[in-house]
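Input: a single structure, listed below in structure tokens.
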Amino acid sequence: MSTRILARLARSRWSSPLVLLVVWELASRSGLIPERTLAAPSAVVATLWAMLVSGELPQNLLVSFWRVGLGLSIGVAAGVVLALVAGLSRQGEAAVDPIMQIKRTIPTLALTPLFIVWFGIGETPKVALIAFASMFPVYLNLYSGIRGVDVRLLEGARSFGLSQAELIWHVILPGALPALLTGLRYSLSIAILVLVVAEQINASAGLGYLINNARDFMRTDIIVVCLMVYAVLGLGADALVRTIERRALVWRPSLIKA
């Protein structure tokens with residue numbers, strides 16, 4: 001029985017992370033990894049609990065949620081509108097796509113100094129960076145999805161007398177929905193990554209603010225807690241989009257059966 005359990009654990013995806021945590025804890029307890037370099041997992045868990053009980057973590061997490069939510073909403077909305085303009089007409093493509101391709105080649109984080117000059121050091125540059133970074137994945141995937149809709153579906157819809165607006169709503173957008181959701185997953189992950197940097201800009205609250213304070217006092221346990229929260233945010237956002245994908249795309253055949 002025990003052999004079977006051990007064999008199952010060895011095949012589990014959680015086995016290697018658990019081994020890593022055990023090695024990390026033992027190395028910290030033995031002094032091989034100094035506390036100033038990296039706190040032990042047990043110390044990180046204790047700090048996490050203390051920050052939850054005191055309300056420090058939830059309060060700052062709400063601020064980070066607001067920043068990433070607002071920036072992502074603006075970026076996704078802009079990406080969808082631009083993709084529709086570029087994907088549905090040649091004139092729109094000529095006007096929009098070259099600018100978006102130029103935007104793709106510019107590293108978002110390199111614009112941080114310019115955004116500070118333009119918008120100051122308040123909340124605006126943080127939200128603007130997240131919006132700017134999360135716009136392109138949605139644009140590119142939706143644009144590709146619109147242009148990849150089966151022409152036979154369009155011809156069949158036209159034969160039933162659908163107007164151009166009905167064609168877009170009932171055929172083109174549903175056909176491009178898988179691509180849009182893929183772009184949304186990329187945008188969510190990029191938004192979380194940019195949030196990490198954006199919150200280093202003169203923040204007075206948020207996870208980045210906690211990390212800055214912890215760095216000044218060499219509190220590696222708090223830094224690890226915040227990094228864990230960033231990771232959970234990313235995984236949670238991806239899981240949310242996957243759930244939406246399963247519900248919205250039930251009509252799509254799958255190679256992998258449940």
Side-chain angles (χ1 to χ4, degrees), residues 35-79 103 106-138 183-242 244:
E35 186 178 355
R36 293 177 60 181
T37 302
L38 186 62
S42 56
V44 172
V45 172
T47 300
L48 172 61
W49 176 252
M51 293 175 72
L52 287 172
V53 171
S54 67
E56 182 182 16
L57 185 59
Q59 290 170 6
N60 286 278
L61 184 57
L62 283 175
V63 175
S64 294
F65 262 133
W66 178 84
R67 287 170 182 154
V68 76
L70 181 59
L72 188 65
S73 299
I74 296 171
V76 169
K103 180 257 178 249
I106 300 174
T108 300
L109 300 181
L111 294 173
T112 303
L114 196 57
F115 275 35
I116 292 174
V117 171
W118 288 347
F119 305 119
I121 55 175
E123 292 298 314
T124 305
K126 302 176 182 61
V127 174
L129 277 173
I130 295 169
F132 189 80
S134 59
M135 177 171 51
F136 187 76
V138 169
L184 183 58
R185 288 178 67 184
Y186 278 111
S187 290
L188 281 165
S189 61
I190 289 174
I192 299 297
L193 291 174
V194 175
L195 175 68
V196 177
V197 178
E199 291 197 317
Q200 311 295 318
I201 305 173
N202 195 45
S204 58
L207 296 177
Y209 168 73
L210 292 178
I211 289 179
N212 275 337
N213 279 356
R215 179 198 60 199
D216 294 339
F217 293 99
M218 304 192 72
R219 291 290 304 274
T220 57
D221 52 343
I222 295 179
I223 293 175
V224 174
V225 166
C226 293
L227 293 178
M228 287 169 52
V229 173
Y230 279 128
V232 171
L233 283 177
L235 291 173
D238 187 72
L240 176 62
V241 178
R242 288 169 68 91
I244 295 171

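- Here the closest non-hydrogen pair linking I130 and A191 is CG2-CB, 3.8 Å.
- A 4.5 Å side-chain heavy-atom check between L188 and D238 finds every atom pair outside the cut-off.
- Among all heavy-atom pairs drawn from S187 and V138, the shortest one is OG-CG2, 3.1 Å.
- Among residues at least two apart or in separate chains, side chain to side chain donor-acceptor pair (under 3.5 Å) pairs with a member in residues 44-54 are T47-D221.
- Considering CG of L70 and CD1 of I74, their distance stands at 4.0 Å, rounded to 0.5 Å.
- The side chain to side chain donor-acceptor pair (under 3.5 Å) analysis of residues 222-235, with sequence neighbours excluded, yields the pairs E199-Y230.
- Counting heavy atoms from C-beta on, the side chains of L57 and V229 come closer than 4.5 Å.
- Contacts of S73 classified as side-chain hydrogen bond (donor to acceptor under 3.5 Å, both in side chains), with partners at least two apart in sequence or in another chain: none.
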Identify every side-chain donor-acceptor pair in residues 109-128 under 3.5 Å, counting partners at least two apart or on other chains, and give the distances.
unit_1 : atom_1 : unit_2 : atom_2 : d
T112   : OG1    : L109   : O      : 2.8
E123   : OE1    : R67    : NE     : 2.7
E123   : OE2    : R67    : NH2    : 2.9
K126   : NZ     : G122   : O      : 2.8
K126   : NZ     : I201   : O      : 2.7

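- The two atoms that bring C226 and L207 nearest to each other are SG-O, 4.0 Å, heavy atoms only.
- Counting heavy atoms from C-beta outward, S64 and L195 have side chains that approach closer than 4.5 Å.
- Qualifying side-chain contact (heavy atoms from CB on, under 4.5 Å) partners for I190, counting only residues two or more places apart in sequence or in other chains: A133, P137, V194.
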| Derivation and outcome, side-chain contact (heavy atoms from CB on, under 4.5 Å), residues T108 and L129 | CA-CA 7 Å; T108 300; L129 277 173; 4.0 Å; yes
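- Note that CE of M51 is 4.5 Å distant from CG of L210, once rounded to the nearest 0.5 Å.
- For A214, the side-chain contact (heavy atoms from CB on, under 4.5 Å) partners are R219, I222, I223, not counting sequence neighbours.
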